[in-house]
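For reference, the structure is listed below as structure tokens.
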Amino acid sequence: MATIKLWTGLMLAVLAAESALATGMPPGARLRLGTLNFRHHDYNRVYRVAFAGGNTLITCSSNGGTGAIIVWDLVAGKERRRYKVDQLEAVSRDGKMMAIGRYGPERGRDIIVVDVSSGKQLRRLHVPAAQLRRADFSADGATLVTGSDDRMIRAWAIATGKVVRQFPTSEDDACDPGPVAMSPNGKTFLSEGTRLSTTLYGWDIAAGKSTHQLKASSGVYSKDGDSVIAVANANWNGLIFWDAATGKEQKRLKVGGPSISALRLTPDGTTLVLASSGGPIRFLDLATEKVIQTLPWSYEYSDRLAFSPDSRTLATGGWGGAVRLWDWRAGKELLPIGHEAAVFALAFSPDSKRLISAGADNSVRVWGLPSGKQLHRWDCFRPGLHTHDIESMAVFPDGKSAALGNTVGNLRVLDLNTGSQRSFKDAQIGIHPAAVSRDGKRFITFPRDQHRLEPLGLKRADMLTCTLWDAAGGTKVRAFTHTVKNPPRFFSGSRITDAAFAPDGKSVAAAWEIYFRGHSYHEPLAYGISIWDADTGKETRIEALATTLAFLDDGKTLASVAFDQDAAESVIRFWDVATGKERRTLRLPSQADRFFAFSPNGKFFASPVGPDGNAIGVWQTATGNEVRRFDGHRDSVCSLAFSPDGRMLASGSADTTILIWEILGLR
């Protein structure tokens, strides 16, 4: 009966969350892609998740040393309580208590034991160390075991708040001491040793001493507590089973596949979860010793995984402040939440029936319109690493492929129907696709931070290069180069801020800057815009600062955008492509000099506006008059795209969601 109630509760949570997507739309918005439920906004990762009973989930996130703990009601799909603290240390087995960490007023850390149901403080413990490393409750909830950077493991009596046992560890043998696994009977626990975590220590709480050492890492107790299962140090993709009482090896099991970084056992004790750095989550059935399920998301630490008491539902946390709920046996998400991090690129398919999005979670997603259903998700670069954000995307005119670039990865072309990916061997690190020709045969790229490749004090003339690629063959067609004949005396680097391909395919443009190392990007020593003839490579130079470029639909006009810091305005200039002469200028009260988007006919353009950049303004290109204002994102807008028919505007945000706005009366 309890299992039925739990599963019913989770289904209600899904329905409640899904219904929330269809309601509460901001004025002018017709669809939200991705959900705002089960999110830690303003925090960049969820690093701890734990169930507290069947209908309560506790999650903890952090950003730059600050954190938030949220107690979620899974039935309602809403927050029940929030704590702004450093971290979640542990949740008791019965889900009634949690230990949360706060830095004390002096050296040391306070651990506060809280009643989960009422939110009341039960006990405050003070650890006399600079930083707490690990903590866990005993099975009966009477004891909290902590490890800290003073190399001391302590067992605390919750009833009195006093230390009842201390376990000194050697500086040579232990790096992050503390419990990594508690035995089912609560009498013993495991801790890891050495900086490479190649030794497991078994500890007896009553005796106050170490019982044995195991040459392995990341161990867990079996359901009955008779065995310890750990990762073998020899190959990191095998397991060792030890006798928990004697430390005698029982058997070895070779799993294969990616290296195992952490283990977790399901509450029913039947399945072992294998977490991998940069690899999938695997589920090993202990009876058959076979992998029975794989989830294609990377989680290096077991703290980011939690199972419901009936072992049926898996909760995961990661980058972007998102929490996911899974029916792991079926390999399905109970609530597909969309992107886990900021949405940096958007594009519509030619028929406006699909939207393609890419973001800092390294995924590309294809959405059906007007249903809003996620049709595909493709992970294009190694997941889980914040430095590998997808920053740019150029979708081919037929809507079947997209060129992608991220902060450190090579250029790739993704098939949006099959997910197959093709790398371009000659592309430089950090390359960014800018635009595709209308016939889909060619596209251009540029390195955003070319200065990284250049030594300080370079005396030769600086060269900035855009590259034209053959899409089918994956080869370079031509390099468009701007040479600075008289570089500033103290320059040390250069960058291309944006590039564009004319709709008629006859011109390529790039905005560039040269600056001294450590110099502000807003105050380059030299800057300009280069327009090249795509066939001959002949260059037309314009002396103007720009961070965003866009050709208008006729291919004869180039728009450039730059931010005027003194006036706090965005300056939009329109240039004659043939002559390089300025036609006119618009000044707008916009805080953004990136993420501008022009409508297909060039008559309108959109930009983020407002103090936080989370609103969107739409202006008439001819007059500079603002004709629409949309407000609905919880964080800054990072990407904009008009549909080919000009009837919709899509906006992607750092709040991880996409809003579809209906553009009425603008033609």
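Each residue takes its place number in the sequence, starting with 1.
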Trace of the side chain to side chain donor-acceptor pair (under 3.5 Å) decision for S117 with D115: CA-CA 6 Å; S117 178; D115 182 277; 4.5 Å; no

Are any non-hydrogen side-chain atoms of [X] and [Y] less than 4.5 angstrom apart?
{"X": "K209", "Y": "W203", "result": "no"}
{"X": "D110", "Y": "L125", "result": "no"}
{"X": "V343", "Y": "C638", "result": "no"}
{"X": "T313", "Y": "L74", "result": "no"}
{"X": "F307", "Y": "L265", "result": "no"}
{"X": "F189", "Y": "V180", "result": "no"}
{"X": "F167", "Y": "S210", "result": "no"}
{"X": "W156", "Y": "T143", "result": "no"}

Shortest non-hydrogen contact from [X] to [Y]?
{"X": "P608", "Y": "V637", "answer": "CG-O, 3.9 Å"}
{"X": "A654", "Y": "A342", "answer": "CA-CB, 3.7 Å"}
{"X": "L190", "Y": "V220", "answer": "CD1-N, 4.2 Å"}
{"X": "L200", "Y": "A230", "answer": "CD1-CB, 3.5 Å"}
{"X": "E340", "Y": "R365", "answer": "N-NH2, 4.3 Å"}
{"X": "A68", "Y": "R82", "answer": "CB-NH1, 4.0 Å"}

Examine the side chains of W72 and T56 and answer whether a donor and an acceptor come within less than 3.5 Å of each other. no

Got a sec, which residues hit salt bridge (charged side-chain N to carboxylate O under 4.0 Å, His left out) with [X], two or more places apart in sequence or on another chain?
{"X": "R93", "result": "D136"}
{"X": "K251", "result": "E289"}
{"X": "R282", "result": "none"}

Between [X] and [Y] (side chain of the first, backbone of the second, donor and acceptor by atom type, cut-off under 3.5 Å), is there such a pair?
{"X": "S218", "Y": "L263", "value": "yes"}
{"X": "S261", "Y": "A275", "value": "yes"}
{"X": "R39", "Y": "T35", "value": "yes"}
{"X": "S92", "Y": "G141", "value": "no"}
{"X": "R264", "Y": "L305", "value": "yes"}
{"X": "S191", "Y": "P179", "value": "no"}

Looking at residues at least two apart in the chain, or sitting in another chain, which of them share a side-chain contact (heavy atoms from CB on, under 4.5 Å) with [X]?
{"X": "D204", "result": "T188, A206, A207, T211"}
{"X": "I112", "result": "I100, R102, V114, Q121, R124"}
{"X": "D224", "result": "S222, D226"}
{"X": "T657", "result": "R32, L36, H633, D655"}

Test side chain to side chain contact (heavy atoms under 4.5 Å, CB included) applied to Y47 and C60, step by step: CA-CA 6 Å; Y47 70 89; C60 183; 3.5 Å; yes

Can [X] and [Y] be counted as an ion pair, charged N to O under 4.0 angstrom?
{"X": "D379", "Y": "R377", "result": "yes"}
{"X": "D73", "Y": "R80", "result": "yes"}
{"X": "R134", "Y": "E192", "result": "yes"}

Residues in ring-ring contact (aromatic ring centres under 6.0 Å, His included) with [X], at least two apart?
{"X": "H212", "result": "none"}
{"X": "F283", "result": "W328"}
{"X": "W242", "result": "none"}
{"X": "W367", "result": "none"}

What's the verdict on side chain to side chain contact (heavy atoms under 4.5 Å, CB included) for T59 and L57, showing C-alpha distance, side-chain angles and the deciding distance? CA-CA 7 Å; T59 62; L57 184 71; 3.9 Å; yes

Checking side chain to side chain donor-acceptor pair (under 3.5 Å) for the pair S148/R154: CA distance, chi angles, key distance, verdict? CA-CA 9 Å; S148 52; R154 297 173 175 86; 3.2 Å; yes

Side chain to side chain contact (heavy atoms under 4.5 Å, CB included), that's the test. Do L295 and W326 meet it? Break it down for me. CA-CA 10 Å; L295 295 182; W326 303 81; 4.0 Å; yes

How would you list, by chain and number, every residue that makes a side-chain hydrogen bond (donor to acceptor under 3.5 Å, both in side chains) with T294, sequence neighbours excluded? none

Rounded distance [0.5 Å steps], [atom1] in [X] versus [atom2] in [Y]:
{"X": "T656", "Y": "I337", "atom1": "OG1", "atom2": "CD1", "answer": "7.0 Å"}
{"X": "K290", "Y": "L284", "atom1": "NZ", "atom2": "CG", "answer": "9.5 Å"}
{"X": "I111", "Y": "R123", "atom1": "CD1", "atom2": "CZ", "answer": "13.5 Å"}
{"X": "N37", "Y": "L335", "atom1": "CG", "atom2": "CG", "answer": "6.5 Å"}
{"X": "I281", "Y": "R304", "atom1": "CD1", "atom2": "CZ", "answer": "11.0 Å"}
{"X": "K187", "Y": "D140", "atom1": "NZ", "atom2": "CG", "answer": "10.5 Å"}

Chi angles and distances behind the side chain to side chain contact (heavy atoms under 4.5 Å, CB included) call for V255, L239: CA-CA 7 Å; V255 180; L239 301 173; 4.0 Å; yes

